[in-house]
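One structure below.
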Amino acid sequence: MKLLVIGSGGREHALVWKLAQSPHVTCLACAPGNAGTGLERLVSNGSFVRNVPIPVDEIPLLIVYAKENGVDFTVVGPDNPLAAGIVDQFQSAGLRIWGPNQRAARFEASKAFSQQFMEKHGIPTARSATFDDPTAAKRYAASLDGRCAVKADGLALGKGVLLTESPLAADQAIEDIMVRRLFGNAGGRVVVQELLTGTEISLHALCDGRRAKLFPTAQDHKRIFDGDRGLNTGGMGTYSPAPFLTDHELTTVGQQILDPWLRGCSVEGIDFRGILYPGVILTSTGPKVIEFNARFGDPETQVYLPRLENDLLELLIASEEGRLDRCELKWSGDACVCVVMAAAGYPGTYQKGDTIEGIDVAEQVAGTKVFHAGTTLRDSSVVTSGGRVLGVTSWASSLATARERAYAAVERIRFTGAQFRHDIGAKGMLGFRG
Ligand code: AMP
Ligand code: GLY
């Protein structure tokens, strides 16, 4: 089959790497891809993956490319094209594509929609309300003593949330988002949630319109600095499994969230075929969903796919065809850790164009794969081109060894101003709930 993967981050490199291992894949393109995707080769015939310089939001151009090149199946990585209706548009053009349609993608594209859906269908979530008017939002925040998560309704590049612990700070956050439009027009409407405390984990479920197959747990590290300090980022590292839930507890948590979610989708006529990724806080009164994403997590994908034993293409086709009942997801017992190496200045403005050295030697560490994110080729050298540059990923039979390997690999990679967290997976080592 001829495949097209859409996106250019670490998530997409991991998808390309895993799909390239499928014997069904005879041709694989990535739009626009990065230096890493272009270095992958297919197991079926040894050919290289082809990077195609079309941006992810140029949907008509992507359709033309898919038609002219006889693409049989397209896989979408990022949220923006999903929210813009790429799936509906490909399907209208007679092309097969994997990912939620525009209506289903609203679970991520509108926090107000998601929150209303959760309340209506009995999915455990934070106490919250939605506002178009800053004064009413402030009044509600005051009723929570200012301990809030103030969220812009629309997509805001993975940002769009301010956490506050006093009425003054909550008022300021509401002003910043609604009046000063800190996150652009996404902030015309806000969701104000109570601030929850507890361990935060990522869940993923592969869905086919009627069923949802739960993945193992993973834990992201959203803040830029060690010890969860500093600004929020897209994610500075992940590991899987996150040992805060036994298999039995995970099944229960999955049911508490996914059973009412599936019933709600059926009642509302939402046909969700793709990955549902709930962000969950394990509170003292049970798991609570703080947000839904409608795609693979980044960097969660980088730790899930090395553990996945199935042929990924077969699973994505079953999800798209609505027949996941015939599939069983199989996971290796390994622990997997991904340490993100970011450019100096990230998540603020950062430098680009620095040469990266040592990726090959890093990959000589046992059980290690370096996924590229913000990289590009310049005169056959790999140079930085984004905030999150690399996802250095290692697996082993224990979390301790997987961490040792990932950090040994990180030490072998050099680029100017590289920054990374030193504590990815540390909470998992302590089994620390917080
Ligand atoms: P979101 O984009 O909704 O995932 O929010 C970004 C981050 O803010 C999350 O990963 C959490 O760490 C934090 N957060 C969001 N909502 C809440 C909440 N209700 N209580 C505590 N922390 C939250
Ligand atoms: N891991 C954070 C995200 O994908 O949104």
Side-chain angles (χ1 to χ4, degrees), residues 7 9-12 14-15 77-80 82-83 107-115 118 124-130 140-141 144-165 170 173 177 183 186-187 190-204 215 217-224 228-240 242 274-285 287-304 338 340 347 371 373 387-388 391 421 424 427 434:
R11 164 184 50 213
E12 287 76 20
L15 287 167
D79 50 0
N80 281 3
L82 292 169
F107 280 108
E108 175 157 10
S110 169
K111 289 185 190 287
F113 165 79
S114 260
Q115 200 63 39
M118 287 195 271
T125 182
R127 215 153 29 109
S128 82
T130 301
Y140 182 75
L144 298 171
D145 292 331
R147 293 183 49 77
C148 312
V150 185
K151 305 188 174 188
D153 175 42
L155 291 179
L157 295 170
K159 298 178 187 155
V161 177
L162 296 175
L163 306 179
T164 66
E165 301 201 25
I177 296 181
F183 306 123
V190 294
V191 172
V192 179
Q193 287 182 337
E194 70 176 313
L195 194 66
L196 299 172
T197 46
T199 298
E200 186 175 345
I201 56 167
S202 300
L203 297 183
H204 278 52
F215 284 21
T217 49
Q219 188 171 49
D220 195 2
H221 297 66
K222 292 231 166 118
R223 304 295 190 103
I224 183 73
D228 295 330
R229 288 177 303 108
L231 294 174
N232 255 325
T233 69
M236 291 299 291
T238 30
Y239 65 102
S240 173
I275 291 281
L276 182 77
Y277 155 15
V280 174
I281 296 189
L282 303 172
T283 74
S284 56
T285 56
K288 303 239 159 90
V289 177
I290 51 168
E291 64 158 357
F292 282 126
N293 299 299
R295 53 169 174 82
F296 274 107
D298 187 347
E300 284 85 344
T301 310
Q302 291 87 311
V303 292
Y304 279 136
C338 170
V340 169
F371 293 117
R388 292 190 291 174
R421 278 182 60 161
I424 304 302
K427 281 185 205 158

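Counting convention: from 1, in listed order, for ligands and their atoms alike. Scope of the values below: all heavy atoms of this structure, side chains included, with no hydrogens, waters or symmetry mates.
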I'd like to know if Arg147 pairs up with Glu194 as an ion pair, taking the criterion as any Lys NZ or Arg NE/NH1/NH2 lying under 4.0 Å from an Asp or Glu carboxylate oxygen.
no

I need the atoms of ligand 2 closer than 4.0 Å to a non-hydrogen atom of Gly234, numbered in the order shown.
1 (N), 2 (C)

Quick note on ligand 2: atoms under 4.0 Å from a heavy atom of Gly297 include exactly 4 (O)

Partners of Arg388 by salt bridge (charged side-chain N to carboxylate O under 4.0 Å, His left out), sequence neighbours excluded?
Asp298

Heavy atom of Ile281 under 4.0 Å from ligand 1?
yes

Using modelled atom types and a 3.5 Å cut-off, is there a donor and acceptor pairing between side-chain atoms of Glu165 and backbone atoms of Gly146?
no

Passes side-chain contact (heavy atoms from CB on, under 4.5 Å), Val150 versus Gln193? Steps please.
CA-CA 6 Å; Val150 185; Gln193 287 182 337; over 6 Å; no

Exercise: identify the closest heavy-atom pair between Leu163 and Ala149
CD2-CB, 3.6 Å

Test of understanding: given a 4.0 Å heavy-atom threshold, classify the contact between Leu163 and ligand 1 as side chain, backbone, both, or neither.
side chain

Say whether Glu194 and ligand 1 are in contact under the criterion: heavy-atom distance to a ligand atom below 4.0 Å.
yes

Backbone or side-chain N or O of Lys222 under 3.5 Å from ligand 2 N or O:
no

Heavy-atom donor-acceptor pair, His204 side chain to Gly297 backbone, under 3.5 Å
yes

Those residues that, when tested against Thr164, pass side-chain contact (heavy atoms from CB on, under 4.5 Å) (two or more places apart)
Cys148, Ala169, Ala170, Ala173

Nearest non-hydrogen atom to atom 11 (C) of ligand 1 belongs to which of Glu200, Lys288, Arg223?
Glu200

Determine whether the side chain, the backbone, both or neither of Val161 has a heavy atom under 4.0 Å from any heavy atom of ligand 1.
side chain

Would you check whether Phe296 reaches within less than 4.0 Å of ligand 2, judged by its heavy atoms?
no

Asp220: numbered ligand 2 atoms lying under 4.0 Å from its heavy atoms:
1 (N), 2 (C)

Is Glu12 reaching over with its side chain to a backbone N or O of Gly9, donor-acceptor style, under 3.5 angstrom?
yes

The one among Arg295, Glu108, Glu300 that brings a heavy atom closest to atom 5 (O) of ligand 2
Arg295

